[in-house]
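First the structure, in the form of structure tokens, and then the observations on it.
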Amino acid sequence: NYVNLKRVLSGQLLVFLFPLILVIKPNLFVLKKTFVLTYKLSVLYLIITVPLIVYFVSNPRSGAEGFVRNFASGSTIILLTIAYHSKRVKIVTVLTFVISLLLMVLLARRNMILYLSLILIFLLIIMYFSSSQQIKRNRVAFTFGLIFILSLSIFLVYILNLDFTYTIERFKITAEEGINYSRVGVLEEFKTDFDSKPLDWWFGRGVNGTFYSIMGGGTDAFGALQAGQREGIENGYYYLILKGGLLYVIPFGLLSIIGFIKGFFNSRNMLSKAAAAIVLINLVDLIGFGIPGLHLKYLILWFSLALCYSSKIRNYSDDLIKRFIAIK
């Protein structure tokens, strides 16, 4: 209990306090600070990754996915609002995104590939189907930039003779067996253990809750404290059920769906649509991995949900929002 208390105080509890952001009135000044932080982390990501890119590509256990999740994924909100920002910020953000996606494809990290690909799809939807004047003014430049990046990427793939065989094979297996095929054993153990105590499906087992797994133990990757027990599971929805139960997951899902509808369809600006995209993509992300954690990616999710529920923010014009949150 002493160890668990220290772990909770060191940050575990904070993950489950992030939803309290919803009761705070969204503030564009605070949001600007968050954007600046994500931009600085993108710069740091490039400084670390570019010199080590050969090492990351050649070593599947190099931790490249962790770097993307902790340093680069927060910049997706900047990418989705790219029309607001200066040319320097656009270049850094696009470079961060392209390198991240390329690394994840080469290393066959399916969950991050899906996450980043959905970001790109929503960016295209926002840029080409929004009626905002701010977006219309940037549409031609965006199109030329997109063509240039695609051409450059194809050229680099050809020149460097990059091999995507491993990735293609992994996606073939995923198509045949399902996205969680490699975790079926653990998922079955989870369900069997919870079925033995049906109320746990509704209430979960707490922040440090565990379930029986033959692969659990003192040296478990998730830090299980006793043999045969695991504290984590590599599926976002099951993880939330383990910690908070369906009484946490169901309201979270409903809040997310309603928030997406409000932010994407009942808004006048790019920021609200970008926030809505983040919310919906997270629901998809949870199917594969998408585990909540103390990183900017998860914090931005709750900021995004708060923005979706703010009628005041949703009705701001793009020109007004740009004056407040644009990074120069």
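Throughout, residue positions are numbered sequentially from 1 according to the sequence presented.
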Between [X] and [Y] (side chain of the first, backbone of the second, donor and acceptor by atom type, cut-off under 3.5 Å), is there such a pair?
X: Glu189; Y: Ile214; answer: yes
X: Arg314; Y: Asn266; answer: yes
X: Ser75; Y: Thr38; answer: no
X: Tyr39; Y: Ile78; answer: no
X: Asn70; Y: Gly66; answer: yes
X: Arg268; Y: Asn315; answer: yes

Evaluation steps, side-chain contact (heavy atoms from CB on, under 4.5 Å), between Ser196 and Tyr212:
CA-CA 11 Å; Ser196 67; Tyr212 175 78; over 6 Å; no
Assigning hydrophobic clusters by single linkage (Ile, Leu, Val, Met, Phe, Trp, Tyr; side-chain heavy-atom cutoff under 4.5 Å), is [X] placed with [Y]?
X: Leu294; Y: Leu20; answer: yes
X: Leu187; Y: Leu286; answer: yes
X: Phe67; Y: Val54; answer: yes
X: Val23; Y: Val30; answer: no
X: Leu199; Y: Val249; answer: yes

Quick one: closest heavy-atom pair of [X] and [Y], and the distance?
X: Ala276; Y: Gly263; result: CB-C, 3.7 Å
X: Leu123; Y: Leu79; result: CD1-O, 3.3 Å
X: Asn235; Y: Ile291; result: N-CD1, 4.3 Å
X: Leu305; Y: Ser256; result: CD1-CA, 4.0 Å
X: Ile77; Y: Ala275; result: CD1-N, 4.3 Å
X: Val57; Y: Leu106; result: CG2-CD1, 3.9 Å

Pairwise distance [atom1]([X]) to [atom2]([Y]) - rounded to 0.5 angstrom:
X: Met104; Y: Ile99; atom1: CE; atom2: CD1; result: 11.5 Å
X: Ser304; Y: Leu280; atom1: OG; atom2: CG; result: 12.0 Å
X: Leu242; Y: Arg230; atom1: CG; atom2: CZ; result: 10.5 Å
X: Ile300; Y: Asn282; atom1: CD1; atom2: CG; result: 12.0 Å
X: Leu44; Y: Thr49; atom1: CG; atom2: OG1; result: 8.5 Å
X: Ile321; Y: Leu307; atom1: CD1; atom2: CG; result: 8.5 Å

Under 4.5 Å between any side-chain heavy atoms of [X] and [Y], yes or no?
X: Asp285; Y: Leu114; answer: no
X: Trp302; Y: Pro19; answer: yes
X: Ser153; Y: Leu102; answer: no
X: Leu283; Y: Phe260; answer: no
X: Ile119; Y: Phe97; answer: yes
X: Thr93; Y: His85; answer: no
X: Arg110; Y: Phe289; answer: no
X: Thr143; Y: Tyr128; answer: yes

Residue pair Met270, Lys273: steps toward the side-chain contact (heavy atoms from CB on, under 4.5 Å) verdict:
CA-CA 5 Å; Met270 190 180 195; Lys273 296 183 190 303; 5.8 Å; no
Give the other cluster members for Ile147, using side-chain heavy-atom distances under 4.5 Å between Ile, Leu, Val, Met, Phe, Trp and Tyr residues; answer none if it is isolated.
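Under the 4.5 Å side-chain rule, Ile147 groups with nothing.
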Quick check: are there more than 12 heavy atoms from other residues, nucleotides or ligands sitting under 6.0 Å from [atom1] of [X]?
X: Lys197; atom1: NZ; answer: no
X: Lys243; atom1: NZ; answer: yes
X: Lys32; atom1: NZ; answer: yes

Test Asn138 against Lys90 for side-chain contact (heavy atoms from CB on, under 4.5 Å), laying out the working first.
CA-CA 12 Å; Asn138 285 269; Lys90 290 176 181 176; 3.4 Å; yes
Which residue is it: Asp200, Thr192, Val186? I am looking for the one with a side-chain contact (heavy atoms from CB on, under 4.5 Å) to Phe211.
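Only match with Phe211 under side-chain contact (heavy atoms from CB on, under 4.5 Å): Val186.
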Considering only NZ, NE, NH1 and NH2 on the basic side and carboxylate oxygens on the acidic side, decide whether Arg205 and Asp193 come within less than 4.0 Å.
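Result for this pair is yes, salt bridge flagged.
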When the ring planes of [X] and [Y] are compared, do they come out parallel, tilted or perpendicular, using 30° and 60° as the limits?
X: His295; Y: Tyr298; result: perpendicular
X: Phe264; Y: Phe122; result: perpendicular
X: Phe190; Y: Trp201; result: perpendicular

Decide side-chain contact (heavy atoms from CB on, under 4.5 Å) for Leu46 and Phe71; before the verdict, give the C-alpha distance in whole Å, the side-chain angles of both, and the deciding distance to 0.1 Å.
CA-CA 9 Å; Leu46 292 177; Phe71 290 94; over 6 Å; no
Answer yes if the side chains of Arg109 and Tyr115 hold a donor-acceptor pair under 3.5 Å, and no otherwise.
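Absent: no donor and acceptor within the cut-off.
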Does the pair Tyr84 and Phe35 meet the rule for a ring-ring contact (aromatic ring centres under 6.0 Å, His included), with working shown?
CA-CA 11 Å; Tyr84 293 150; Phe35 272 48; 8.0 Å; no
Checking Ser132 now: which residues fulfil side chain to side chain contact (heavy atoms under 4.5 Å, CB included) with it, not counting sequence neighbours?
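Listed in chain order: Ser130, Gln134, Ile135, Asp318.
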